[in-house]
**Student:** 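One structure, as structure tokens, below. Some questions next.
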Amino acid sequence: MATPAQLGLQNATSPIMEELIAFHDHTLMIIFLISSLVLYIISLMLTTKLTHTSTMNAQEIETIWTILPAIILIMIALPSLRILYMTDEFNKPYLTLKAIGHQWYWSYEYSDYEDLFFDSYIMPTYYLQPGEFRLLEVDNRTTLPMEADIRYLISSQDVLHSWTVPSLGVKADAIPGRLNQAMLASMRPGLFYGQCSEICGSNHSFMPIVLEFIYFQDFEVWASYLYIV
């Protein structure tokens with residue numbers, strides 16, 4: 001999760017997020033080089049009175065500053081389109097998770113299991129245990145197996161919501177009457193936090209998301225325990 005005074009993105013835990021961070025660094029370096037060049041030219045214009053009359057009407061320079069930005073845009077567009085198609089690629093999922101947004105909580109349904117569903121509310125401050133995060137902890141964590149392709153379906157029962165987990169690189173809008181789908185996967189176990197990222201009302205920031213990724217055998221034990229309960 002994010003830490004105080006953090007300047008970069010959260011550590012990636014999924015292949016998609018690793019690609020997004022690499023693209024972010026790639027684009028940021030291009031922006032830094034362009035900004036440095038523009039600042040250098042401005043400083044030269046302010047500190048010298050020399051005028052190069054031979055370059056005032058040079059067609060070569062106009063050709064360069066027309067073609068060079070086009071090449072830079074292509075260098076940005078190609079990796080962006082590649083990641084866009086990767087996010088829309090659907091493999092055979094191991095598990096299907098359905099998230100339904102309400103005011104102001106999330107409901108989860110495990111479509112591959114019969115009668116396996118629960119609501120996830122924000123944990124009140126006075127119920128928090130040492131080490132838990134205020135406004136980010138929930139009463140029922142969403143447990144999923146790691147190293148598995150998981151398809152998640154997102155919808156809403158009342159207003160617009162947005163199901164977002166930054167460290168996994170997933171963000172999908174929950175729209176009433178519409179079912180959106182995407183893929184997620186985690187390469188390591190752990191807890192990953194998110195929140196509703198849509199301005200869906202006064203309490204939209206009190207709809208936290210907590211995903212707990214565990215090993216396959218532990219996930220089956222967890223699912224079996226809920227059946228017994």
Side-chain angles (χ1 to χ4, degrees), residues 1-2 9-10 12-17 19-20 80-81 83-125 127 132-145 148-186 191-213 219 222-223 226-227 229:
M1 61 174 295
L9 301 174
Q10 296 185 22
T13 187
S14 68
I16 291 296
M17 191 58 190
E19 294 287 342
L20 289 173
S80 176
L81 291 174
I83 298 175
L84 182 62
Y85 279 105
M86 288 176 61
T87 56
D88 288 336
E89 182 179 357
F90 288 88
N91 300 320
K92 185 177 180 180
Y94 171 80
L95 185 69
T96 299
L97 174 70
K98 185 177 181 180
I100 303 175
H102 305 270
Q103 294 177 316
W104 309 99
Y105 64 96
W106 295 98
S107 295
Y108 296 99
E109 300 176 6
Y110 291 76
S111 302
D112 301 278
Y113 295 85
E114 185 179 358
D115 296 332
L116 183 53
F117 56 89
F118 55 85
D119 297 331
S120 182
Y121 290 84
I122 187 173
M123 184 72 75
T125 303
Y127 284 149
E132 295 181 341
F133 301 101
R134 190 177 72 91
L135 302 182
L136 287 177
E137 195 60 57
V138 296
D139 55 354
N140 292 315
R141 295 172 176 172
T142 307
T143 305
L144 297 170
D149 291 327
I150 299 169
R151 177 178 63 178
Y152 66 100
L153 308 175
I154 305 97
S155 185
S156 174
Q157 198 175 21
D158 36 52
V159 298
L160 292 176
H161 299 283
S162 185
W163 199 83
T164 307
V165 183
S167 58
L168 291 173
V170 294
K171 183 178 186 293
D173 291 336
I175 304 173
R178 179 174 176 177
L179 198 63
N180 291 333
Q181 70 172 347
M183 297 289 290
L184 66 87
S186 175
L191 292 176
F192 306 101
Y193 296 86
Q195 286 180 307
C196 176
S197 299
E198 184 67 58
I199 305 178
C200 56
S202 59
N203 294 325
H204 82 98
S205 59
F206 298 97
M207 294 179 62
I209 302 164
V210 182
L211 301 182
E212 182 176 3
F213 282 91
F219 175 77
W222 173 83
L226 288 187
Y227 273 134
V229 174

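Worth saying up front: this structure is predicted, and the values here are computed from it rather than measured.
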**Student:** Is any side-chain heavy atom of Asp173 less than 4.5 Å from a side-chain heavy atom of Leu160?
**Tutor:**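 Of all side-chain heavy-atom pairs linking Leu160 with Asp173, none is under 4.5 Å.
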**Student:** Would you please say whether a donor-acceptor pair under 3.5 Å links the side chains of Arg151 and Thr96?
**Tutor:**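 Yes, a side-chain donor-acceptor pair sits under 3.5 Å.
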**Student:** Determine whether Cys196 and Trp104 make a side-chain contact, defined as any pair of heavy atoms from C-beta on separated by less than 4.5 Å.
**Tutor:**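 Contact flag for Cys196/Trp104 side chains = no.
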**Student:** Are there more than 12 heavy atoms of other residues, nucleotides or ligands under 6.0 Å from atom CD1 of Ile199?
**Tutor:**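 At most 12 heavy atoms, drawn from other residues, nucleotides or ligands, come within 6.0 Å of this atom.
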**Student:** Side chains of Val159 and Glu198: does their closest heavy-atom pair fall under 4.5 Å?
**Tutor:**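 Result no, sub-4.5 Å side-chain heavy-atom pair not found.
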**Student:** Kindly indicate whether the side chain of Lys171, heavy atoms from C-beta on, has any atom under 4.5 Å from the side chain of Ser162.
**Tutor:**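 Lys171 reaches Ser162 side chain to side chain.
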**Student:** How close do Pro15 and Ala185 get, heavy atom to heavy atom, and via which atoms?
**Tutor:**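 Of all heavy-atom pairs spanning Pro15 and Ala185, the closest is CD-O, 4.4 Å.
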**Student:** Kindly say whether Phe117 contributes a backbone atom to a donor-acceptor pair with the side chain of Glu109 at under 3.5 angstrom?
**Tutor:**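 Such a contact is absent between Glu109 side chain and Phe117 backbone.
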**Student:** Is there a side-chain contact (heavy atoms from CB on, under 4.5 Å) between Met207 and Cys200 once you walk through the steps?
**Tutor:** CA-CA 10 Å; Met207 294 179 62; Cys200 56; 4.3 Å; yes
**Student:** Tell me, with the steps shown, if Leu135 and Phe206 meet side-chain contact (heavy atoms from CB on, under 4.5 Å).
**Tutor:** CA-CA 6 Å; Leu135 302 182; Phe206 298 97; 3.5 Å; yes
**Student:** Working to the nearest 0.5 angstrom, can you tell me the gap between Asp149 CG and Lys92 NZ?
**Tutor:**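 Here the interatomic distance stands at 12.0 Å.
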**Student:** Taking all heavy atoms of Trp106 and all of Ala99, pick out the closest pair and write down the distance.
**Tutor:**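 Looking at all heavy atoms of both residues, the closest pair is CE3-CB, 4.5 Å.
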**Student:** Nearest 0.5 Å, please: how far is OH in Tyr193 from CZ in Arg141?
**Tutor:**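 It comes to 5.0 Å.
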**Student:** Are Met123 and Asp139 side-chain neighbours, meaning at least one heavy-atom pair lies under 4.5 Å?
**Tutor:**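 They are in contact (side-chain heavy atoms under 4.5 Å apart), so the answer is yes.
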**Student:** To the nearest 0.5 angstrom, please state how far the CE atom of Met86 sits from the CG atom of Leu81.
**Tutor:**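 Reported value, rounded in 0.5 Å steps: 13.0 Å.
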**Student:** Less than 3.5 Å apart, any donor N or O on the side chain of Asn140 or Ser120 sitting next to an acceptor on the other?
**Tutor:**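 The criterion, which ignores hydrogens and geometry beyond distance, is not satisfied for Ser120 and Asn140.
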**Student:** For the residue pair Tyr113 and Tyr110, does the interplanar ring angle fall in the parallel (under 30°), tilted (30 to 60°) or perpendicular (over 60°) class?
**Tutor:**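 If you compare the ring of Tyr113 with that of Tyr110, the planes turn out perpendicular.
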**Student:** Run the side-chain contact (heavy atoms from CB on, under 4.5 Å) check on Val165 and Leu184 step by step: do they pass?
**Tutor:** CA-CA 10 Å; Val165 183; Leu184 66 87; over 6 Å; no
**Student:** Below 4.5 Å, heavy atoms only, C-beta onward: do Tyr94 and Ile150 meet side chain to side chain?
**Tutor:**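 They are not in contact (no side-chain heavy atoms under 4.5 Å apart), so the answer is no.
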**Student:** Say you draw a straight line from OG of Ser107 to OH of Tyr121; how long is it, rounded to the nearest 0.5 Å?
**Tutor:**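 So the gap between those two atoms works out to 7.0 Å.
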**Student:** Ile16 and Met183: side-chain contact (heavy atoms from CB on, under 4.5 Å), yes or no, with the steps?
**Tutor:** CA-CA 10 Å; Ile16 291 296; Met183 297 289 290; over 6 Å; no
**Student:** What's the spacing between Thr142 OG1 and Ile209 CD1 if we round to 0.5 Å?
**Tutor:**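 It comes to 8.0 Å.
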**Student:** Going from CG on Leu168 to CD on Gln10, what distance comes out if it is rounded to the nearest 0.5 angstrom?
**Tutor:**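 Going from CG on Leu168 over to CD on Gln10, the span is 9.5 Å.
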**Student:** Please give me the minimum heavy-atom distance between Ser155 and Gly177, naming the atom from each residue.
**Tutor:**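 Scanning both residues completely, I find the closest heavy atoms to be OG-N, 4.5 Å.
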**Student:** Side chains of Gln195 and Leu136: does their closest heavy-atom pair fall under 4.5 Å?
**Tutor:**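 Yes; the side chains approach each other to less than 4.5 Å.
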**Student:** Measure across Ala174 and Ser156 and return the closest heavy-atom pair with its distance rounded to 0.1 Å.
**Tutor:**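 Distance-wise, the nearest heavy atoms are O-CB, 3.5 Å.
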**Student:** Once you measure the plane-to-plane angle for Trp222 and Phe118, does it fall in the parallel (<30°), tilted (30-60°) or perpendicular (>60°) bin?
**Tutor:**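 Plane angle over 60°, so perpendicular.
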**Student:** Does any non-hydrogen side-chain atom of Leu144 lie less than 4.5 Å from one of Tyr152?
**Tutor:**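 No, too far: nothing below the 4.5 Å cut-off.
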**Student:** Looking only at heavy atoms, what is the nearest atom pair of Gly194 and Pro166, with distance?
**Tutor:**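 Closest approach of Gly194 to Pro166, heavy atoms only: CA-CD, 4.2 Å.
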**Student:** Do you know the tightest heavy-atom contact between Lys98 and Leu179?
**Tutor:**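 Shortest heavy-atom separation between Lys98 and Leu179 comes out as CE-CD1, 4.0 Å.
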